[in-house]
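Beneath this line is the structure, given in structure tokens, with notes to follow.
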There are 2 protein chains.
Amino acid sequence: MTEWIDRFPGLVALHAPVRDRLVASARVIEVPADTVIFGPGRPPENLLLLLDGQVRVQQIAENGREIVLYRVHSGESCVLTTACLLAFEDYTAEGIAETDLRAVAIPRASFDEAMSTSPEFRRFVFAAYSKRITDLFLTVEEIAFGRVDSRLAHKLLELAGDRAVVPVTHGNLAAELGTAREVISRQMAEFQRRLWVEQKRGQVTIIDRPALEAFARANPI
Amino acid sequence: MTEWIDRFPGLVALHAPVRDRLVASARVIEVPADTVIFGPGRPPENLLLLLDGQVRVQQIAENGREIVLYRVHSGESCVLTTACLLAFEDYTAEGIAETDLRAVAIPRASFDEAMSTSPEFRRFVFAAYSKRITDLFLTVEEIAFGRVDSRLAHKLLELAGDRAVVPVTHGNLAAELGTAREVISRQMAEFQRRLWVEQKRGQVTIIDRPALEAFARANPI
DNA sequence: ATCCATCGGTGACAAGATCACTGAACCGGC
DNA sequence: GCCGGTTCAGTGATCTTGTCACCGATGGAT
């Protein structure tokens with residue numbers, strides 16, 4: 001059961017001593033869905049490597065409005081928190097378990113030691129940073145310049161994965177896109193009128209995926 | 001002339017050997033204004049620590065629209081590029097010298113070595129990351145939820161510093177805020193009507209700073 | 001002086017945000 | 001079952017912002 005490390009392609013290149021020390025100090029933890037993992041006042045204690053489940057990282061404004069910044073999926077790490085973890089600065093964002101999680105928790109000291117001793121570990125960490133940062137830049141571009149209908153179509157397909165039923169409220173979707181609930185309601189009504197989706201309270205069902213995908217393709221970003 | 005290192009508070013704590021090796025491998029470079037320092041196709045070669053001048057980092061969409069992500073000021077480092085620097089991923093953003101620059105260039109190998117040997121250097125790097133990332137999160141929030149008039153007022157004051165004359169075009173300001181030039185034109189016309197600013201081609205002069213500041217204070221973010 | 005690129009202004013209209021409600025759906029407890 | 005509270009969704013009115021299509025002004029450069 002120490003072979004969680006094979007789930008992270010960037011870590012398989014670690015040399016044996018580094019790998020062993022990391023495995024020895026890490027603990028596999030389980031976290032129930034909807035737990036706030038870190039946030040203002042709850043600084044992250046560990047570097048988390050997600051084995052199962054996903055984490056939603058969102059920014060919350062003073063007026064209570066929310067915007068989803070990014071998600072961490074299984075096989076990825078909550079790496080942006082490490083900056084704050086090591087710099088002792090506090091995050092304005094919060095991380096929430098969207099599902100039950102199984103994750104590897106690497107304590108601050110072990111993280112620091114691995115950063116010190118292993119070029120491969122540094123590569124792993126910086127590659128994760130790099131991905132997150134370029135993603136964030138694209139998010140900024142999308143919010144600034146993208147159209148709501150196009151972004152909503154993409155987001156629905158993303159949230160659906162290969163399933164048809166997406167368990168989200170209009171309010172959730174508004175937070176995903178950084179817009180207002182009413183805007184989502186009107187846009188979803190239009191998608192429904194076109195018979196692309198059906199709606200129930202707290203749930204959207206994609207009933208014409210090809211059409212939705214065609215629309216998404218025709219309206220990139 | 002090796003005492004550039006004292007310009008970076010986070011680096012004064014470096015132990016002598018680390019410090020000396022860093023100083024030995026680094027070169028002070030000068031870059032003329034408007035140089036593209038890194039960008040798609042021009043991956044960053046070095047970690048830059050800015051001694052004088054400032055760098056604008058912006059994202060460019062396919063349709064040509066731009067949005068300013070953040071600025072690096074003197075005494076700061078282009079640290080987000082290090083992720084891409086070490087991960088060999090390419091950036092979708094570009095960095096432009098807004099003024100003539102004087103900067104310390106730390107080669108990739110020296111950066112990696114310092115990360116390896118010095119906890120203090122790691123702290124320096126992660127603290128810089130932390131600041132940038134939390135700033136980016138605030139930028140996202142601002143773009144998603146902020147009003148243009150308020151954001152424009154803040155941006156004008158920020159760009160002005162303690163001077164009254166700000167050499168920007170309406171197009172520049174639009175890119176700063178991720179909005180359209182026409183929107184800036186109309187909003188600036190309103191500020192002018194209120195006698196807060198005067199305008200010339202490519203230049204804005206703040207003529208009633210107290211009023212502009214009061215407006216900015218009354219409309220946070 | 002003339003040419004030309006850039007910059008700024010404007011009207012009309014579309015899209016999105018906000019406000020103020022309303023009713024519907026769901027979830028507990030009784 | 002029924003009730004009551006809460007969350008969710010729908011809608012009209014209104015304001016702000018974004019887009020499109022233009023035009024004229026400005027300030028170099030030759």
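Values in this document were obtained by computation on a predicted structure and should not be read as measured data. To find a chain, count down the sequence lines: A is the first, B the second, and so on, and within it residues start at 1.
- Atom NE2 of A:His170 is separated from atom C1' of C:dA17 by 17 Å (rounded to the nearest Å).
- Ion pairing between A:Arg56 and A:Glu66 fails under the 4.0 Å rule for side-chain N and carboxylate O.
- B:Glu182 pairs by the side chain to side chain contact (heavy atoms under 4.5 Å, CB included) definition with B:Ala180, B:Arg186, not counting sequence neighbours.
- The residues B:Glu76 and B:Arg132 are annotated as salt-bridged, a charged nitrogen and a carboxylate oxygen being separated by less than 4.0 angstrom.
- Distance B:Leu173 CG to C:dG9 C1': 16 Å, rounded to the nearest Å.
- Listed by residue number, there are no residues of residues 190-198 of chain B with a heavy-atom contact under 4.0 Å to DNA chain D.
- No side-chain donor-acceptor contact under 3.5 Å links B:Asp52 to the backbone of B:Arg102.
- With hydrogens and angles disregarded, no donor-acceptor distance shorter than 3.5 Å links the side chain of B:Thr35 to the backbone of B:Val31.
- Nucleic acid contact for B:Arg151: none, since no nucleic acid atom lies under 4.0 Å from a heavy atom of the residue.
- A:Leu195 is not listed as a side-chain neighbour of A:Asp208, based on a closest heavy-atom distance of 4.5 Å or more.
- If you check the side chains of A:Tyr91 and B:Ser130, you find no donor sitting under 3.5 Å from an acceptor.
- The side chain of A:Arg201 sits closest to D:dC8 out of C:dG8, D:dC8, C:dA17.
- In this entry the distance linking CG of B:Asn172 with P of C:dT6 reads 13 Å, nearest Å.
- A:Gln59 and A:Thr92 share a side-chain donor-acceptor pair at under 3.5 Å.
- Comparing the start and finish of the helix from C:dA1-D:dT30 to C:dC30-D:dG1, five pairs each, the helix axis swings through 30°, to the nearest 10 degrees.
- Remark: A:Arg151 engages A:Glu142, A:Ile143, A:Leu177 in a side chain to side chain contact (heavy atoms under 4.5 Å, CB included) (not counting sequence neighbours).
- Checked for salt-bridge contact, A:Glu94 and A:Arg42 miss the test: no charged N lies under 4.0 Å from a carboxylate O.
- Taking every heavy atom of residues 179-188 of chain B and every atom of DNA chain C, pairs under 4.0 Å involve B:Arg181, B:Glu182, B:Ser185, B:Arg186, by number.
- In this structure, B:Asp149 atom CG and D:dT16 atom P are separated by 8 Å, rounded to whole Å.
- One can place CG of A:Asn63 at 9 Å from P of C:dT18, the figure rounded to the nearest angstrom.
- Both A:Gln203 and A:Phe145 sit near DNA chain D, but only A:Gln203 has its closest nucleotide nearer the 5' end.
- One atom, CZ of A:Arg65, and another, P of C:dG16, lie 14 Å apart when rounded to the nearest Å.
- With sequence neighbours excluded, no residue forms a ring-ring contact (aromatic ring centres under 6.0 Å, His included) with B:Tyr70.
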